[in-house]
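Have a look at the structure below before the remarks.
Count residues from 1 along the sequence. Whatever order the structure lists them in is the order used to number ligands and atoms, beginning at 1.
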Amino acid sequence: MNPTEHALKITVATGAVSTWKSDALIVGVYEGGEAQAALSLCGEELAQEVQQRLQEKWIKGGLGESILFRTPANSGLQMPRIVLLGLGKKESLTNESFRALGGHIHALCNKSNIATCHVLLSLDTYQASKKQSAKRPAKQRPIAVLESLAEGAWLSSYRFEHFKSKENKEGKEPKEPKEEHPFKQLVLGLSGEETAQEKKRLLSVEQLTRGVAFARNLGNQPPNLLNPETLAQQARQLAERLPAIKTTIYAERMLVRKGMNGILAVGGGSRTPPCLITLEYRHGGDRPLLAVVGKGITFDSGGLNIKSGEGMAEMKYDMCGAAAVFGFVQAVAEMELPINLVGVVPAAENMPSATAQRPGDIIKTAKGLFVEVLNTDAEGRLILADALHHASSFKPAAIIDLATLTGACVVALGSQASGLMGNNPPLLRQLEKAGERSGDRLWQLPMFPEYQEQIKSTVADIKNVGGKGAGTITAACFLSRFVEENQAWAHIDIAGTAYDTGSSQPHMPKGAVGVGVRLLYHFVQKNWL
Ligand code: BES
Ligand code: MN
Ligand code: ZN
């Protein structure tokens, strides 16, 4: 599986609108039929034409609505078609609406056979969306919404069609030999006042969304092809492609030597042995180190506590935490961000067999804590126990783990937010903000000390299940035992957000979403640079 090449190119344009050349110009209109102030930059002819169409109510301006018409002859513009794009209500514009708009532009251009287009959004849009970013300096706002727009367009261009034979690919219309995805280039109109740094950041959305696409590709890979070994191979290939990344793989022998019996026990039932993958990227001098840990269960059958048929079908996605780590590390390395980062991925396949662990087993983890395994389906916490302990050994300033850990989290939050827990309130607050900014939203659950009672074992230090109530929290309580108390740590349960079984959002396809990559990117952008 090769790194995703974006079919879509995104560039920026400054200077007079009359010098822009492409197939179409996209101009925004608000709900209620008000054109954006930027329209005045497009000349009298077009402004009049647009105003007339608005008066005649050709378009209402709801989010994602659009009309397309021929550019008036005497307008002096070199873009033969005009698209009026509905932005929705002026007051309710958010970064997420701009992501959706990016998606709508992508769909619209493909449908209308537009290969390249210019988008002109004016400052009133940025001011209208200031609610979201009121504290940010005024100058950053325009870039933030264009960033989101580009993100949405790119994320919408993602397709997972590696396993579709030619005649079954989406968009194929057998009788017409037209191109499947004609849309090739989106040009973002800038005011010209942007700094070089702002422009660079805007264009780094390309690397970011490539990271998301990489995470999606890994997540969508079927479990007969993606197993702990092939996941480790992905890490090796990543390090080969990007020499700034150093990878270390602990194979079974090394896991034994390190006493990583959590990973060994979970992987013991599979024909493919488990491993521990470490990705190191050090480009930040003596700056603090960030550790990200991702659950890498390439398939979760439940083990001897086997899952029901319906519950099992989606369990190829049980490595989406790992996928987020891979995607994030790739994005950071491609952007050459000046940070120090280590990614840790415990990889195993949870299968029932004669060599699988049993309910009742007691295992000694790498940290030395004894765990009574009462349910082999609560396997994520067992591999993460050793991985968190390993991550601690790098002495990071913070550890963030992402895991499709509990069905209880799906019950609590559905697919609208990932569960957030941890031991360090400032870190959790920073993550919540990054969640808001990135669209990978988080919602915090409490970790009152009393919850720890639920994982006390009668025969070992702790047990791997916490009883009926608060399943997401007791899983986090379990993990908390494997980081030192003074080690800043956050746990993100992505069981409900990692994959989508039917989305209406154009930038959120069915299957793996790539959740976590954008979250971590915005988190380091804001707090780590
Ligand atoms: N991978 C599952 C959690 C999961 C469930 C992810 C649904 C995505 C969608 C995890 O390994 C698991 O099986 N958890 C058990 C824990 C229980 C046995 C304590 C669960 O949630 O049922
Ligand atoms: Mn499980
Ligand atoms: Zn699992």
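- Using a 4.0 Å cut-off between charged side-chain N and carboxylate O, Glu436 and Lys433 make no salt bridge.
- The nearest protein atom to atom 18 (C) of ligand 1, hydrogens excluded, is given as Asn375 ND2, 3.4 Å; this is a heavy-atom distance.
- At least one heavy atom of Lys307 sits less than 4.0 Å from an atom of ligand 1.
- For Val465, no nitrogen or oxygen atom sits less than 3.5 Å from a nitrogen or oxygen atom of ligand 1, counting backbone and side chain alike.
- When hydrogens are left out, the protein atom nearest atom 20 (C) of ligand 1 is Gly407 N, 3.8 Å; that is the closest non-hydrogen contact.
- Protein heavy atoms are absent from the 4.0 Å sphere centred on atom 22 (O) of ligand 1.
- Using a 4.0 angstrom heavy-atom cutoff, Met312 does not count as in contact with ligand 1.
- Using bins of under 30°, 30° to 60° and over 60° for the plane-to-plane angle, the ring pair Trp489/His491 lands in the parallel bin.
- Any N or O atom pair closer than 3.5 Å counts here, and Asp377 shares at least one such pair with ligand 1.
- Close contacts of ligand 1 with Glu379, meaning ligand atoms under 4.0 Å from a residue heavy atom, involve 11 (O).
- Heavy atoms from other residues, nucleotides or ligands lying under 6.0 Å from CZ of Arg441 number 12 at most.
- Note: no N/O pair closer than 3.5 Å links Tyr499 and ligand 1 by distance alone.
- Listed by number with element, the atoms of ligand 1 under 4.0 Å from a non-hydrogen atom of Thr404 are 1 (N), 2 (C), 3 (C), 6 (C).
- Summary: OE2 is the N/O/S atom of Glu379 found nearest to the Zn ion (ligand 3).
- Here Lys295 meets the criterion, with an N, O or S atom under 2.8 Å of the Zn ion (ligand 3).
- Ranking protein heavy atoms by distance to atom 17 (C) of ligand 1, first place goes to Ala378 CB, 4.3 Å.
- Proximity of a side-chain donor or acceptor of Asp361 to a complementary backbone N or O of Arg358 within less than 3.5 Å is detected.
- The atom of Asp300 nearest to the Mn ion (ligand 2) is OD2, with the search restricted to N, O or S atoms.
- The contact set between ligand 1 and Lys295, taken as ligand atoms under 4.0 Å from a residue heavy atom, comprises 1 (N), 10 (C), 11 (O).
- The residues Arg437 and Glu432 are annotated as not salt-bridged, no charged nitrogen and carboxylate oxygen being separated by less than 4.0 angstrom.
- Look at Asp440 and Arg518 and you find a salt bridge, because one of the NZ, NE, NH1 or NH2 atoms lies within 4.0 Å of a carboxylate O, short of that distance.
- Residue Asp318 has at least one N or O atom closer than 3.5 Å to an N or O atom of ligand 1.
- Considering the Mn ion (ligand 2) as centre, the angle to O of Asp377 and to OE1 of Glu379 is 70° (10° rounding).
- For Asp318, the N, O or S atom with the smallest separation from the Zn ion (ligand 3) is OD2.
- Glu372 and Lys463 are not joined by a salt bridge, as no carboxylate oxygen comes within less than 4.0 angstrom of a charged side-chain nitrogen.
- In this structure, His162 and Phe160 have tilted ring planes: the angle between them lies in the 30° to 60° band.
- Among all non-hydrogen protein atoms, the one lying nearest atom 2 (C) of ligand 1 is Asp300 OD2, 3.6 Å.
- Relative orientation of the Phe214 and Phe326 rings is perpendicular, given thresholds of 30° and 60° on the angle between their planes.
- Ring geometry for Phe448 versus Tyr451: interplanar angle under 30°, hence parallel rather than tilted (30 to 60°).
- More than 12 heavy atoms of other residues, nucleotides or ligands shown are found within 6.0 angstrom of NZ on Lys307.
- Scanning the protein for heavy atoms near atom 14 (N) of ligand 1, the closest one is Leu405 O, 3.5 Å.
- Each of the atoms 1 (N), 4 (C), 5 (C), 6 (C), 7 (C), 8 (C), 9 (C) of ligand 1 lies under 4.0 Å from some heavy atom of Met315.
- Every atom of ligand 1 with a heavy atom of Arg381 under 4.0 Å away is listed here by number and element: 16 (C), 19 (C).
- Aromatic pair Tyr250/His390: centroids less than 6.0 angstrom apart.
- Within Asp300, the N, O or S atom at minimum distance from the Zn ion (ligand 3) carries the name OD2.
- Under 4.0 Å is where a charged nitrogen must lie from a carboxylate oxygen, and between Arg282 and Glu280 at least one such pair does.
- At a heavy-atom distance under 4.0 Å, no atom of Asn350 approaches ligand 1.
- Looking at Asp493, its side chain never comes within 3.5 Å of a backbone N or O of Gly419 through a donor-acceptor pair.
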